[in-house]
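These numbers come from the heavy atoms of this one structure, side chains and all, not from hydrogens, waters or symmetry mates. Keep in mind that what you see is a predicted model, and the values were worked out from it rather than measured.
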Amino acid sequence: MTTRVPLYGWLTAEAVSLTGTRVSMIAIPWFVLTTTDSPTLTGLVAFAEMAPLVVMKALAGPLIDRIGARRVAIGADLGSFVVVGLVPLLHLFGALTFPALLGLVAVAGALRGPGDGAKGAMVPALVRHGGVPMERATGLSAAVERTASMVGTAFAGALVALAGPTTALVVDAGSFLLSGLILLATTRALAGDRIAGDPAAEGDDAPYLTRLRAGWDFLRQDKVLLGICVMVALTNLIDQAFTVVLVPVWAKETGGGAAAIGLLFAVFSGASIGGAVLASAFADRLPRYSTYLVAFLVGGAPRFLVLAFDAPLWAVLAVMVAGGFASGFINPVLGAVIFERIPDHLVGRVSALNTALCWSLIPLGGVVGGLLIGGAGLSLAMLACGAAYFAVTMLPALQPRWRELDERPERVLAA
């Protein structure tokens, strides 16, 4: 019997958790900057959160497969509630030293990595129990993620400005608690599922490193999955340079200021939400390979080009609308391909490694963007990044194996 309650509960928990994460993205750096007046220490705290997050996301796969994605996701959310909640609590009593803050932020990142990985690993079970196409689940997930990012960032900015960063961190901690309770209450139907609940997976008794190696071996032997990892890692690098360096410099040089930055990203995010919602309804009927190429062709290089040639604002906004809408189709298509190609007993390991690899170059994006502008100026930096984006995303058009995106193989179900 199919039931969509777990899917809707999972989406709700994701919306709550992602909104809380956006709050912490603003509240923690602002808290450190206002209490220490040190940009260096602020950067150190950001690194202390991201490094454990990426590392633990990669290493947690065998535990997710062995313990169960549902258990890990709920446990990570409840643990994050405690750890994040300690920051404002210790600050209230004057006991929050900088080393303590650094340690708490690192633990929070180490919990969020496995938690995010486990929530992603729940998708195949949610699809099976809900009786929906894989693209429907990944499309709805993309829409929720993009909506939470846009709304959560605006909410976080207002909350920090009106109530202060410590109050915002209380809200962030509460979001983890609420997310965990929602998952606990709405995904009971998955409690016995071998992916999301209490798996008795093949090789479950093997040593940890053996199970981790099995996930890596599968990923590197599947050329399509590995190609997706490399492509997304490189586009994430360029996107990070675009977001944190290129667009701010463009806004400063053109006189648009912070308002122009906010307008560009709000327009892009809003259009991408529309694309993701439409993808959740129709992507299962579209040819994936062609959809991938068109989506990246429209959503990739053009936004770099209009800024490089100093196009008028109306033209920039038009390109951002088209690019954002097209980008809404990318994650539903690639997400469906990824989950369909991974056997059930490896889904935690392979999906966690996949995500970690996709995120691995993000910390370098700001550095690359800064070096390009410093060495060549804004226009050439935009053109270089646009050309690189085009090459990375269009290379699959020359590689026949990428046509396997159109295959919709049945998932490898555990016996």
Side-chain angles (χ1 to χ4, degrees), residues 25-26 29 39 42-43 46 50 146 149-150 153 157 230-275 292-331 358-398:
M25 284 174 57
I26 293 178
T42 303
M50 285 304 299
R146 294 172 189 274
S149 296
M150 185 173 67
T153 301
V230 173
M231 183 273 296
V232 174
L234 290 171
T235 56
N236 279 346
L237 168 71
I238 302 170
D239 281 331
Q240 182 74 353
F242 182 77
T243 301
V244 304
V245 179
L246 299 184
V247 169
V249 172
W250 166 83
K252 182 180 178 182
E253 291 189 359
T254 58
I261 300 173
L263 180 61
L264 255 63
F265 291 141
V267 166
F268 188 89
S269 297
S272 70
I273 293 169
Y292 162 88
L293 291 175
V294 172
F296 266 124
L297 189 64
V298 175
R303 55 198 162 104
F304 294 91
L305 298 180
V306 291
L307 297 183
F309 292 113
D310 198 22
L313 184 59
W314 66 265
V316 173
L317 293 178
V319 169
M320 296 299 277
V321 169
F325 182 79
S327 73
F329 284 79
I330 294 171
N331 284 352
C358 290
W359 285 29
S360 61
L361 299 181
I362 290 178
L364 301 177
V367 176
V368 170
L371 290 175
L372 283 173
I373 291 177
L378 178 62
S379 293
L380 288 179
M382 285 285 188
L383 289 174
C385 286
Y389 210 101
F390 178 82
V392 168
T393 55
M394 292 298 108
L395 186 60
L398 306 177

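- For the pair Tyr292/Pro396, a side-chain contact is recorded, criterion being any heavy-atom separation below 4.5 Å from C-beta on.
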Donor-acceptor contacts under 3.5 Å from residues 370-378 side chains, at least two apart:
none

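- Residue Leu264 holds its CG atom at 4.5 Å from CH2 of Trp250, rounded to the nearest 0.5 Å.
- Asn236 is not listed as a side-chain neighbour of Gln240, based on a closest heavy-atom distance of 4.5 Å or more.
- The ring pair (Phe, Tyr, Trp, His ring centres under 6.0 Å) check on Tyr389 picks up Phe304, with sequence neighbours excluded.
- Shown here for Ala295 and Ile330, the closest heavy-atom pair between the two residues is CB-CG1, 3.7 Å.
- Taking both residues in full, the closest heavy atoms of Leu237 and Leu361 are given as CD1-O, 3.3 Å, listed atom of the first, atom of the second, then distance.
- Nearest heavy-atom pair across Ala271 and Met320 is CB-O, 4.5 Å.
- Residue pairs that meet the salt bridge (charged side-chain N to carboxylate O under 4.0 Å, His left out) test with at least one member in residues 303-321, sequence neighbours left out, are Asp239-Arg303.
- Residues Leu246 and Ile238 form no side-chain contact, since every pair of their non-hydrogen atoms from C-beta on lies 4.5 Å or further apart.
- Taken to the nearest 0.5 Å, the CZ atom of Phe268 stands 11.5 Å off from the CD1 atom of Ile273.
- Counting heavy atoms from C-beta outward, Met394 and Leu293 have side chains that approach closer than 4.5 Å.
- For the residue pair Gly386 and Ala301, the shortest heavy atom distance occurs at O-CB, 3.5 Å.
- Formation of a donor-acceptor pair under 3.5 Å by the Ser272 side chain with backbone atoms of Phe325 is not found in this model.
- Taking every heavy atom of both residues into account, Met382 and Leu307 meet most closely at CE-CD1, 3.6 Å.
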